[in-house]
Amino acid sequence: MSDIKTKFINNPEQITPELLEGYVMAYADQVKLGGENIVVRTHAKDESKVAIVTLGGSGHEPALSGFVGEGMLDCSVVGDIFAAPGAQRVFQALQLMKREAGILLVVLNHSGDIMSANMACQLAERAGIKVKQILTHDDISAGIDANTEDRRGLAGCVPLYKILGAAAEEGKSLDELIEIGERYNNKVATLAVAMRSCTHPQNGATITDLPAGIMEIGMGQHGEGGGGQKPLVSADATAAEMVDLLCQQLKPKAGDKMMLIINGVGATTHMELNIIFRKAYKELEARGLQVVVSRIQEILTVQEQAGFQMIMGILDEDHIDYLKNKRANAPYWTTIGK
């Protein structure tokens, strides 16, 4: 176990409430606390429109609360470091968001998140709260033929927040939002690579042992194993291998309009992320694919893990419109649009 005095923290048991307190202080015009470990929009949207809610552990900042705001999430329910929030807290958030239009709960495919979401939705149903779920499962490290339940939720959830938030602002119904979201889900894929693991901020333990000069393609966002360890290779070779694996999953055709996002997971420099994006873009271009939505950003981190997640999707026209042209005003995602 490592010495935990390697991070600027106070009491390890107070990390989550303290980080959220600082966060809402910094962005008070966009977000506020709606309860213990519940982040909501400072200026709530009209209750005639569906509320978009998500849940997940802390330690991945800016995800997930960094995307609460106009045109994105209405509420984020935050668990402890790398841990799902309890069902009662999720239920409390659903009570806050109760409306006739309903609530869409976006859940990443991790067992704790699913358990809390299911229990909270059962409580909500008994309380007369209209809520439906959509599950994200973009990680392809389990293999091309893996069942949906075996594919973890990674950073591909963040563009979905933008799509669903924009569609909800337009007044789309709960069922319409699920249809829009599932079309996105069916054509998005994410693959992660790590070359140094992180330490847990509450106990200093190293999550996964990755020796110097070794990388692992397919590592999960809590340090879970992926496709096996191998010697670290160049940016171009890494990007080309990952693009090929993602294209094997998505099977895009020449002329398809694509989303390409490189998400830094904590300790990889923006210099490296730009170099990775450059090669990935050229690989897609060589396949006759058109990148129409792109981003290089830390949208979901894993503490000080070194590596990145490559998020790729085949976009329908409405998805492009929601991602590019519709206004968003969240602390970590802004779109100047209509």
Hey, does the side chain of Glu304 reach the backbone of Thr199 with a donor-acceptor pair shorter than 3.5 angstrom? yes

In terms of heavy-atom contacts, Pro331 and Tyr23 come closest through CG-OH, 3.2 Å

Which pairs pass side chain to side chain donor-acceptor pair (under 3.5 Å) with one or both residues in residues 252-268, sequence neighbours excluded? Lys257-Glu317

According to salt bridge (charged side-chain N to carboxylate O under 4.0 Å, His left out), who are the partners of Lys282, at least two apart in sequence or on a separate chain? none

Quick one: CG on Asp175 to CD1 on Ile180, what's the gap to the nearest 0.5 Å? 11.0 Å

Least distance between heavy atoms, Cys157 atom then Leu64 atom: SG-CD2, 4.0 Å

Check whether His110 reaches the backbone of Ala83 with its side chain - one donor and one acceptor, N or O, closer than 3.5 Å. no

Side chains of Met215 and Arg196 in contact at under 4.5 Å (non-hydrogen atoms): no

Taking all non-hydrogen atoms of both residues into account, name the closest pair between Gly71 and Glu169 and its distance. N-OE2, 3.1 Å

Go through the steps for Ile214 and Met195 under the test side chain to side chain contact (heavy atoms under 4.5 Å, CB included), then give the verdict. CA-CA 6 Å; Ile214 297 296; Met195 60 179 178; over 6 Å; no

For the pair Gln133 (side chain) and Leu105 (backbone), establish whether a donor and an acceptor sit closer than 3.5 Å, ignoring hydrogens and angles. no

Treating Ile, Leu, Val, Met, Phe, Trp and Tyr as nodes and any side-chain heavy-atom pair under 4.5 angstrom as an edge, say whether Tyr161 and Leu55 lie in one connected cluster. no

Just checking, any donor-acceptor pair under 3.5 angstrom between side chains of Asp46 and Ser48? yes

Are the side chain of Ser76 and the backbone of Val39 linked by a donor-acceptor contact shorter than 3.5 Å? no

Is Met97 reachable from Leu123 through a run of hydrophobic residues whose side-chain heavy atoms are each under 4.5 Å from the next? yes

What verdict does the side chain to side chain contact (heavy atoms under 4.5 Å, CB included) test give for Leu260 and Val293, after you've listed the backbone C-alpha separation in whole Å, the side-chain angles of each residue and the deciding distance to 0.1 Å? CA-CA 6 Å; Leu260 176 64; Val293 172; over 6 Å; no

Taking all non-hydrogen atoms of both residues, which atom of Ala239 and which atom of Ala280 are closest, and how far apart? CB-N, 4.1 Å

So, applying side-chain contact (heavy atoms from CB on, under 4.5 Å) with Met312, which one of Val291, Ile261, Val243 is it? Val243

Salt bridge (charged side-chain N to carboxylate O under 4.0 Å, His left out) contacts touching residues 53-80 (sequence neighbours left out): Arg41-Asp74, Lys45-Asp74, Glu70-Arg327

Within a strict 4.5 Å, meaning less than it, do heavy atoms of the Pro159 and Met259 side chains meet? yes

Set out, in order, the CA-CA distance, both residues' side-chain angles and the distance that settles salt bridge (Lys or Arg N to Asp or Glu O under 4.0 Å) for Glu170 and Lys49, then state yes or no. CA-CA 8 Å; Glu170 269 189 353; Lys49 299 175 180 179; over 6 Å; no

Any Glu18 side-chain heavy atom under 4.5 Å of Asn10 side chain: yes

Determine whether Glu272 and Thr269 satisfy the following criterion, side-chain hydrogen bond (donor to acceptor under 3.5 Å, both in side chains), listing intermediate values before the conclusion. CA-CA 5 Å; Glu272 296 163 270; Thr269 65; 2.7 Å; yes

Please answer whether the main-chain N or O of Glu179 pairs with a side-chain N or O of Tyr184 as donor and acceptor at a distance below 3.5 Å. no

Same apolar cluster (I L V M F W Y, side chains within < 4.5 Å links), Phe67/Val40: no

Should the pair Arg287-Asp244 be classified as a salt bridge under the 4.0 Å nitrogen-to-oxygen rule? yes

Is the shortest distance from a Lys or Arg side-chain nitrogen in Lys279 or Glu241 to a carboxylate oxygen in the other one below 4.0 Å? no

When you look at Val53 and Val77, which way does the side chain to side chain contact (heavy atoms under 4.5 Å, CB included) test go after all the steps? CA-CA 8 Å; Val53 178; Val77 193; 4.3 Å; yes

In short, Phe308 meets Val265 closest at the heavy-atom pair N-CG2, 3.8 Å

Check: Asn37 side chain, Gly79 main-chain N or O, donor-acceptor pair, under 3.5 Å: no

Flag side-chain contact, heavy atom, 4.5 Å: Pro201 against Pro12: no

Does any N or O in the side chain of Asp316 come within less than 3.5 Å of the main-chain N or O of Asp318, such that one atom is a donor and the other an acceptor? no

Backbone of Met119 reached by a side-chain donor or acceptor of Gln122 within 3.5 Å: no

Any heavy-atom pair between the side chains of Val106 and Leu164 that's under 4.5 Å? yes

Answer yes or no: are there more than 12 heavy-atom neighbours, outside Gln248 itself, under 6.0 Å from its atom CD? yes

Is there a donor in the side chain of Arg151 and an acceptor in the side chain of Ser141, or the other way round, less than 3.5 Å apart? no

Within the 4.5 Å heavy-atom criterion, are Thr335 and Lys162 side-chain neighbours or not? yes

Are Val68 and Leu108 linked, directly or through intermediate hydrophobic residues, by side-chain heavy-atom contacts shorter than 4.5 Å (ILVMFWY only)? yes

Using a 3.5 Å distance criterion without hydrogens, assess whether the side chain of His60 forms a donor-acceptor pair with backbone atoms of Leu300. no

Side chain to side chain contact (heavy atoms under 4.5 Å, CB included) filter on Val24, not counting sequence neighbours, yields Val31, Leu33

How close do Leu245 and Leu191 get, heavy atom to heavy atom, and via which atoms? CD1-CD2, 3.6 Å

Please list all pairs meeting salt bridge (charged side-chain N to carboxylate O under 4.0 Å, His left out) that have one or both residues in residues 91-115, counting only residues at least two apart or in different chains. none

With Pro231 via side chain to side chain contact (heavy atoms under 4.5 Å, CB included) - residues at least two apart: none

Is the closest side-chain heavy-atom distance between Met310 and Thr190 below 4.5 Å? no

Would you please classify the geometry between the Phe82 ring and the His200 ring as parallel, tilted or perpendicular, with 30° and 60° separating the classes? perpendicular

For the backbone of Ser173 and the side chain of Glu176, can you confirm whether one donor and one acceptor N or O come within less than 3.5 Å of each other? yes

Could you see if Ile38 belongs to whatever hydrophobic cluster contains Ile103? Use Ile, Leu, Val, Met, Phe, Trp, Tyr and a side-chain cutoff under 4.5 Å. yes

